[in-house]
Amino acid sequence: MGAVSARPDPPPAVLDVAGLSVRTGDHALVEDVSFHLGAGERVGLIGESGSGKSLTALAIMGLLPDELSASGHIRLREVERDLLSASETERSTLRGDRLGMVFQEPMTALNPLMRVGAQVAEVLRIHGAVSGREAATDRARDLLAAVELPDPERIARRYPHQLSGGQRQRVMLAMALANGPDLLICDEPTTALDVTVQAQMLKLIDDGVAARDSALLFISHDLAVVATVCDRILVMYGGRIVEAGPTRALLTRPRHPYTEGLMAASDLEAVDAAGRLPTIAGSVPPDGRFPDGCVFRNRCPRGDDACQAWPGWTGEQHDGVACWYPSGSGREAGRG
Amino acid sequence: MVEPTPSTATAAQPGPAPHRGEPIYTVRGLTCRFRQPRVSLRRPTPPLTAIEGIDLDVHAGQRFGVVGESGSGKSTLLRCLAALQAPTSGSIRFRGQELAGRRDRELKFLRREVQLVFQDPMASLDPRMRVRDLIAEPLVAQRMGGVDERVGELLDAVGLARQSATRYPHQFSGGQRQRIAIARALAVRPTVLLADEPVSALDVSVRAQILNLLAELVERYDLTLVFVSHDLAVVRHVCDAVAVMRAGAVVESGSAERVSSAPQHPYTRALVAAVPTLRRALAGADPAALLGAAPTDEEPT
Ligand SMILES: Nc1ncnc2c1ncn2[C@@H]1O[C@H](COP(=O)(O)OP(=O)(O)OP(=O)(O)O)[C@@H](O)[C@H]1O
Ligand SMILES: Nc1ncnc2c1ncn2[C@@H]1O[C@H](COP(=O)(O)OP(=O)(O)O)[C@@H](O)[C@H]1O
Ligand code: SF4
Ligand SMILES: [Mg+2]
Ligand SMILES: [Mg+2]
């Protein structure tokens, strides 16, 4: 699925990522990642912690830390320049205007010394969507009301630390959606929230992108959450996209052993005779060093010598798998 | 001997799952209030009631779940059970001995019987200490001998290599750090393990590994487990009995199976509906469906 591979004409993409790699000095953390998002499309990016999901999001936002370098192509609709070669000034104009992002830990994105209403108003004024202090303040209050914060007048005058975790997430969502972005990226937006607050947040994200026809890239390790929100899913492991497909097909007929492992581990009702939950063998290498060839081969129940070479991508960019022995191909018979 | 578990909410409920012996904990009318900073010169701010009027029994060998949303008082209840927090009123009897109103040094016996595991292993493990010392600390505090042998045994029990002993917490993944925290809790051979959201910060795959480990250890060491979570689906998998908390009170209790499959209280129903499941998502449920009868957000003061 490299940058040059031929594929049938996709719908005009809001975002087109082609052959994206992110490297530290000596090894790749994200490698040859390609996908696209159409207008209003909701796409999930799933995988365990350490798979490269956040780095992919940060590369799109132009927020990678200095010690990492990105290569490949990232194109945004109606923007001439490849985002990876755009200047920091160009990229910061796109952020908050055409691109919005909600982080797992809201305190990293909010200014602790500024009242939250003023922070939302600032996003509106910097990007020229609203002129005048008063108009921006009014509009900020409307946005806080739209994310269903109770008593938005009062909340607007508070500092981030005076809000609960769920309230801070909503403020960040209000900021990310303020200028009607073409693309909203949510990186584990509800992982730190309890189930009832998560339900409210998911509904707000869903309504927010629908009202603006924004594309959504929704990152999570929770399959059930992604399935509830997204039309399509990308499965990431070891810095690679290992499977992609429409939500229902991918989750009813997974092909990659990693997708199957994630599904089995998330089903709390599927226990063996001893009452044990299925797990994926081993764990994600904490230092980000995955095996050569197929990145999953040291944990895969199905791997053999062939898997010492990277299997390459089979199928369409938006519906395919990277595995020598995918389920349903006939080739997996007798393995795993 | 078989006394019904009191329920503050609904009277006509089936009791909890059949239990296997005398209650280890008998909690009656447990209330815990916190003073709040004064914001007005004219009148004092009323104290915040974290939990109020809680009645429950935890039996030996039971796996007892506590579920509820953020701020409902789950951790406060657990801290009271561990005698890390003194209740404002009410009674907590541990194997018949009253804990409320006792001085710290009279509670030493409890530190050996009852241990805690927290949600965020990174926050609960001192980053400057090696794994060996982290696990040995409770042993040393209790003046127990044979430390190195015991640390080795514990690392085996939680599925970590013995060489891990010389490393620091940041050199481990989230799941491995939770294994270290569990080894540390088990060091003094407690009879009761109190776990506060031990898997809420973990990936689904790691969550399954830690839940399996907890189940195995509870079985092997014959532990009584009190397990706090905001996710009723996890509690149903782990526990045999459950108490559902809201705003400091128990609104429903019973067998974990019954409470999840046939919730009686509207709040429990909302909690059940709010957990996204693959089955419902594939049947076409969207984020709005999760709200079900979810109670509206209450502004904390
Ligand atoms: N030491 C304290 N001083 C003042 N208030 C406290 C203290 N500890 C807890 N509270 C308050 O008591 C209430 C219950 O808190 P608790 O931590 O028990 O909730 P919880 O159910 O564990 O929530 P979470 O799911 O967020 O962990 C909250 O309103 C909390 O802010
Ligand atoms: N600044 C950095 N320098 C070196 N390695 C990093 C840096 N940021 C992330 N990594 C590594 O890259 C891998 C992928 O990280 P990340 O994208 O955060 O994963 P995810 O979001 O899927 O949990 C991990 O092994 C992580 O340790
Ligand atoms: S390529 Fe081989 S090791 Fe990799 S997932 Fe497929 S079967 Fe497993
Ligand atoms: Mg991440
Ligand atoms: Mg708590």
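Here is the naming used below: chain letters follow the sequence lines, and residue numbers restart at 1 for every chain. Because the structure is a prediction, the values reported are computed rather than measured.
Each of B:Leu78, B:Val235, B:Leu77 was evaluated against B:Val66; a single residue qualifies, B:Leu77, per the side chain to side chain contact (heavy atoms under 4.5 Å, CB included) test. Just one residue in the list A:Gln169, A:Arg168, A:Arg170 forms a side chain to side chain contact (heavy atoms under 4.5 Å, CB included) with A:Leu163, and that residue is A:Arg168.
Of the listed residues (B:Arg279, B:Gln171, B:Gln209), the greatest number of heavy-atom pairs within a distance under 4.5 Å of chain A belongs to B:Gln209. In terms of heavy-atom pairs under 4.5 Å with chain B, the best-connected choice from A:Thr228, A:Leu202, A:Thr279 is A:Thr228. Residue with the most contacts toward chain A among B:Pro276, B:Gly174, B:Ala215, B:Ala201: B:Pro276 (heavy-atom pairs, distance under 4.5 Å).
By a heavy-atom distance cut of under 4.5 Å, A:Leu262, A:Met263, A:Ala265 are the residues of residues 255-265 of chain A near chain B, going up by number. For residues 215-222 of chain A, the interface with chain B (any heavy-atom pair closer than 4.5 Å) comprises A:His221, sorted by residue number. Inspection of non-hydrogen atoms places A:Glu48, A:Ser49 of residues 45-57 of chain A under 4.5 Å from chain B.
Side-chain contact between B:Val242 and B:Leu232 is present, with at least one heavy-atom pair separated by less than 4.5 Å. Counting only heavy atoms from C-beta outward, the side chains of B:Asp240 and B:Phe64 never approach each other to under 4.5 Å. For the pair B:Val244 and B:Val259, the minimum side-chain heavy-atom distance is below 4.5 Å. Between A:Tyr237 and A:Val295 there is a side-chain heavy-atom pair separated by less than 4.5 Å.
Applying the 6.0 Å contact sphere to CZ of B:Arg220 captures more than 12 heavy atoms from other residues, nucleotides or ligands. The number of heavy-atom neighbours closer than 6.0 Å to CD of A:Gln162, taken from other residues, nucleotides and ligands shown, is above 12.
Under 4.0 Å is where a charged nitrogen must lie from a carboxylate oxygen, and between B:Asp196 and B:Arg79 no such pair does.
Between the side chains of A:Ser327 and A:Arg302, a donor-acceptor pair is found at a separation under 3.5 Å. Donor-acceptor pairing under 3.5 Å is recorded for the side chains of B:His230 and B:Glu197.
Both the backbone and the side chain of B:Ser205 have a heavy atom closer than 4.5 Å to some heavy atom of chain A. With a threshold of 4.5 angstrom between heavy atoms, A:Ile205 does not approach chain B through any atom at all. Both the backbone and the side chain of B:Ala233 come within contact range of chain A, judged by heavy atoms closer than 4.5 Å. Contact annotation for A:Glu269: only side-chain heavy atoms (C-beta onward) come within less than 4.5 Å of a heavy atom of chain B. Interface residue B:Val234: backbone and side-chain heavy atoms are both found under 4.5 Å from chain A. A:Val284 does not touch chain B: none of its heavy atoms, backbone or side chain, sits under 4.5 Å away. Within the 4.5 angstrom heavy-atom criterion, only side-chain atoms of B:Leu211, from C-beta onward, approach chain A. In this structure, chain A has a heavy atom under 4.5 Å from the side chain of B:Arg207, while its backbone stays farther away. Of the atoms belonging to A:Pro285, not a single heavy atom falls under 4.5 Å from chain B. Residue B:Leu202 touches chain A through its backbone alone, counting heavy-atom pairs closer than 4.5 Å.
Rounding to the nearest 0.5 Å places CG of B:Leu160 at 10.5 Å from CG of B:Leu154. For the atom pair A:Arg157 CZ and A:Arg141 CZ, the distance stands at 10.5 Å (nearest 0.5 Å). Summarising the geometry, atom CZ belonging to B:Arg63 is positioned 8.0 Å from atom CG belonging to B:Leu225; distances are rounded to the nearest 0.5 Å.
The closest donor-acceptor contact from the side chain of B:Gln176 to the backbone of B:Ser173 lies under 3.5 Å.
Under the side-chain contact (heavy atoms from CB on, under 4.5 Å) criterion, A:Arg276 pairs with A:Asp272, A:Ala274, B:Asn212, B:Glu216, not counting sequence neighbours.
In this structure, B:His265 and B:Tyr267 have perpendicular ring planes: the angle between them is above 60°, well past the 30° mark.
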Exercise for the section: Begin with the C-alpha distance, continue with both residues' side-chain angles, and end with the deciding distance and a verdict on side chain to side chain donor-acceptor pair (under 3.5 Å) for B:Thr224 and B:Gln62. Expected result: CA-CA 5 Å; B:Thr224 303; B:Gln62 203 170 29; over 6 Å; no

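For A:Phe290 and A:Phe296, the gap between ring centers reaches or exceeds 6.0 Å.
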